[in-house]
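Count residues from 1 along the sequence. Just so you know, these numbers come straight off a predicted model, no measurement behind them.
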Amino acid sequence: MNYSARTWARSSNTWGKTAAGVQQQVAAMGCDIFEVGLCNLNAVAAGESVMIPRVWDAATLLRSVPWLRHQNREGRNIYIRPKGEHNLTMVDDLTAGALAAMKEAGFNPAIIVETSPGNFQAWLKHPERLNKEMSTAAARALAAKFGGDRGAADWRHFGRLAGFCNRKGKYRDSKTGLYPFVRLTEATGCVYPEADRFLVGVKTDLERRRAEREEARGRQLTHPNLIRRQVKTIDVFRADGRYGGDGTRIDLAYAVYALSHGAGAEQVETAIRSRDLSHKGNERRQDDYVERTIKKALAVIERGR
C-alpha cells in the first residue's frame, strides 16, 4: 500500500469512528434539538469568535460531522447539550472510581464519555423533563455526591461530543503533537435505577430552601433597618487588605457573606456591578461572570450547612 492509500485508509477509519461516536451519543441522549458549540479560546487573537454556536436536530448534526471535523482540526473543541429544558444531567470531571461508585449506588449513566485519558463525563437520564431550577439542583447534588466539578453543575452546561479530539493544550502529547480522542465508552440511553428516589430528595431540598428564603425575606421586610445595619457593604470587603485588591476574590467573599445574611441575589448583583467589569469582556461575558459568582457563593453556603 503506497503513502496516499495509507493516508486515505487512516482518514477513512477516523471518519468512521467520529460518525459512529456522534451517532451513538446523540441517539442515547434522545433529544429532539441540540445546541452544538465549537469553542477555541485562542480565536480572539485571530479576530474570530471564541464560540461558534449551532442549533440542530439529530439528522442535521450527523450531516455536519465533516464540517465539525474540519473545525476540530483547526483547533476548536466540539461540545453538545440539549436545547431548552430536558431530562438529562451532565456530571463533569469524574474518575473511573467515581463511575464505579455511581453504578454501585444505582446512578448508572445513560452516556459515559472519556474526555481525556482517565477523565470522564457522565450524562444521567431522568424519567421526566426537569425545569431549570430542578435541573440545576439535581446537577449540583450529583456533582457533590460523586465528586464531580461543581463549577459545571447547572441545567445547561455543555459536555464534549464524542468522536473528536480534545484540543486543550495541556493534553497535547509533547512527543507526537497529537491530542487525545474523546471516546464514547457507554451509551445505554437508560434511566438510572435510583431516579425516582433521588428526584424526590432534590424536590424536598428545593422546597426547604425556598421556605428558608421566604423566611429571610420576611425578616428583611419586617426589620429592614436591622438588616441594613447588620450586613456589610461590598466596599468593606474592597478595603480589606486580606484580599489584596483581587476583585474576583472580593466579589465572591462578599456574595457568600451577603447571601448568608439574608441579602437577595439582585442586591448582590448590584453590588458586584458597582465596579467596572469591562475587563471581563462584553456584556454577555460580564453577565456570565456575575451569575457564576453568585452560583459559587450559593454552593459555598450549601456546603457549610
Task: Considering all heavy atoms, the nearest Pro193-Asn108 contact - done: CD-OD1, 3.4 Å
- [ ] Report the distance from atom CD1 of Ile301 to atom OH of Tyr257, rounding to the nearest 0.5 Å.
- [x] 12.0 Å
Open item on the list: Quick check for you: to the nearest 0.5 Å, what is the distance between His157 atom NE2 and Thr89 atom OG1?
Closed with: 13.0 Å
Open item on the list: Between Ile234 and Val300, is there shared hydrophobic-cluster membership here, with clusters defined by ILVMFWY side-chain heavy atoms closer than 4.5 Å?
Closed with: yes
Open item on the list: So which atom in Val22 and which in Ala162 form the shortest heavy-atom distance, rounded to 0.1 Å?
Closed with: CG2-O, 3.5 Å
- [ ] Taking all heavy atoms of Gly281 and all of Gln286, pick out the closest pair and write down the distance.
- [x] O-NE2, 3.0 Å
Task: Whichever hydrophobic residues join Trp155 through chains of side-chain contacts under 4.5 Å - done: none
Open item on the list: Clusters formed by hydrophobic residues whose side-chain heavy atoms approach within less than 4.5 Å: which one holds Val55, and what are its other members?
Closed with: Ile33
Open item on the list: Is there a side-chain contact between Asn77 and Phe164 in this structure, where contact means two heavy atoms from C-beta onward sitting under 4.5 Å apart?
Closed with: no
- [ ] Step through the shown structure and confirm whether more than 12 heavy atoms of other residues, nucleotides or ligands are within 6.0 Å of CD on Glu128.
- [x] yes
Open item on the list: Just so I know, are the side chains of Asn119 and Asp93 near enough to count as touching, which here means a heavy-atom distance under 4.5 Å?
Closed with: yes
Open item on the list: I'd like to check Val191 versus Asn87 (side-chain heavy atoms, cut-off strictly below 4.5 Å). Are they in contact?
Closed with: no
Open item on the list: In the structure I gave you, are the side-chain heavy atoms of Val36 and Leu68 within less than 4.5 Å of one another anywhere?
Closed with: yes
Task: Co-members of Leu94 in a cluster of I, L, V, M, F, W and Y side chains, linked at under 4.5 Å - done: Val91, Leu99, Met102, Phe107, Ile112, Phe120, Leu124, Leu130, Met134, Leu142, Phe146, Tyr192, Phe198, Leu199, Val202, Leu206
Task: Min side-chain heavy-atom separation Tyr289-Ile272 under 4.5 Å - done: yes
- [ ] Each residue besides Tyr179 in its hydrophobic cluster should be listed here, by chain and number; the cluster joins Ile, Leu, Val, Met, Phe, Trp and Tyr at side-chain heavy-atom distances under 4.5 Å.
- [x] none
TODO: Could you tell me the separation between the CZ atom of Arg275 and the CG atom of Asp251, rounded to the nearest 0.5 Å?
DONE: 4.0 Å
TODO: Would you check if the side chain of Lys125 reaches a backbone N or O of Ala28 as a donor-acceptor pair within less than 3.5 Å?
DONE: yes
Open item on the list: Given 3.5 Å as the limit, does a donor-acceptor pair link the side chain of Asn72 with the main chain of Arg76, or not?
Closed with: yes
Task: Pairwise ring-ring contact (aromatic ring centres under 6.0 Å, His included) hits with a residue in residues 42-99, at least two apart - done: none
Open item on the list: For Arg156, run the side-chain contact (heavy atoms from CB on, under 4.5 Å) check against Lys83, Glu35, Glu85, Met90 and tell me which one passes.
Closed with: Glu35
Open item on the list: If you compare all heavy atoms of Cys31 against all heavy atoms of Leu88, which two are closest, and at what distance to 0.1 Å?
Closed with: SG-CD1, 3.8 Å
TODO: Quick one: list whatever passes side-chain hydrogen bond (donor to acceptor under 3.5 Å, both in side chains) with Asp196, sequence neighbours left out.
DONE: none
- [ ] Identify the two heavy atoms, one from Arg150 and one from Ala144, that lie closest to each other, and give their separation to 0.1 Å.
- [x] NH2-CB, 3.6 Å
Open item on the list: Please enumerate all residues that pass salt bridge (Lys or Arg N to Asp or Glu O under 4.0 Å) together with Glu133, with sequence neighbours excluded.
Closed with: Arg210, Arg213
- [ ] Rounded to the nearest 0.5 Å, what's the gap from NZ on Lys168 to OG on Ser116? Could you check?
- [x] 8.0 Å
Open item on the list: Counting C-beta onward and ignoring hydrogens, is there a side-chain heavy-atom pair between Met29 and Ile80 closer than 4.5 Å?
Closed with: yes
Task: Short side-chain to backbone donor-acceptor contact, Gln71 and Gly75, under 3.5 Å - done: no
- [ ] With rounding to the nearest 0.5 Å, note down the distance linking CZ in Phe158 to CD in Gln121.
- [x] 12.0 Å
- [ ] Please list, chain by chain and in numerical order, all residues satisfying salt bridge (Lys or Arg N to Asp or Glu O under 4.0 Å) with Arg63, sequence neighbours excluded.
- [x] none
Open item on the list: Taking CZ in Arg73 as the centre, count heavy atoms belonging to other residues, nucleotides or ligands within less than 6.0 Å. Is the count above 12?
Closed with: yes
- [ ] Could I get the full list of side-chain hydrogen bond (donor to acceptor under 3.5 Å, both in side chains) partners for Glu269, not counting sequence neighbours?
- [x] Arg273
Open item on the list: Is the shortest side-chain heavy-atom distance between Arg208 and Thr204 below 4.5 Å?
Closed with: no
Open item on the list: Taking salt bridge (Lys or Arg N to Asp or Glu O under 4.0 Å) as the definition, give me every residue that meets it alongside Arg160, ordered by chain and number, with sequence neighbours left out.
Closed with: none
Task: Straight-line distance of Lys232 NZ to Asp240 CG, nearest 0.5 Å - done: 7.5 Å
Task: Backbone N/O of Asp149 and side chain of Asp92: donor-acceptor pair under 3.5 Å - done: no
Task: Asp288/Arg285 salt bridge by N-O under 4.0 Å criterion - done: no
TODO: Considering non-hydrogen atoms only, spot the tightest contact between Arg209 and Ala137 and give its length.
DONE: NH2-CB, 3.9 Å
Open item on the list: One pair to check against side chain to side chain contact (heavy atoms under 4.5 Å, CB included): Val182 and Ile78. What are the steps and the verdict?
Closed with: CA-CA 10 Å; Val182 178; Ile78 313 300; over 6 Å; no
Open item on the list: Has Ser274 got a side-chain atom pairing as donor or acceptor with Ala271's backbone, closer than 3.5 angstrom?
Closed with: yes
Task: Side chains of Phe181 and Thr18 in contact at under 4.5 Å (non-hydrogen atoms) - done: yes
TODO: Establish whether Phe237 and Leu277 are linked, either directly or via other cluster members, by ILVMFWY side-chain heavy-atom contacts under 4.5 Å.
DONE: yes
Task: Qualifying residues under salt bridge (Lys or Arg N to Asp or Glu O under 4.0 Å), relative to Lys295, sequence neighbours excluded - done: Asp154, Glu291
- [ ] May I ask you to check whether over 12 heavy atoms, not counting those of Asp32, lie within 6.0 Å of atom CG?
- [x] no
TODO: Report the residues that fulfil side-chain hydrogen bond (donor to acceptor under 3.5 Å, both in side chains) with Thr248, sequence neighbours left out, ordered by chain and then residue number.
DONE: Lys280
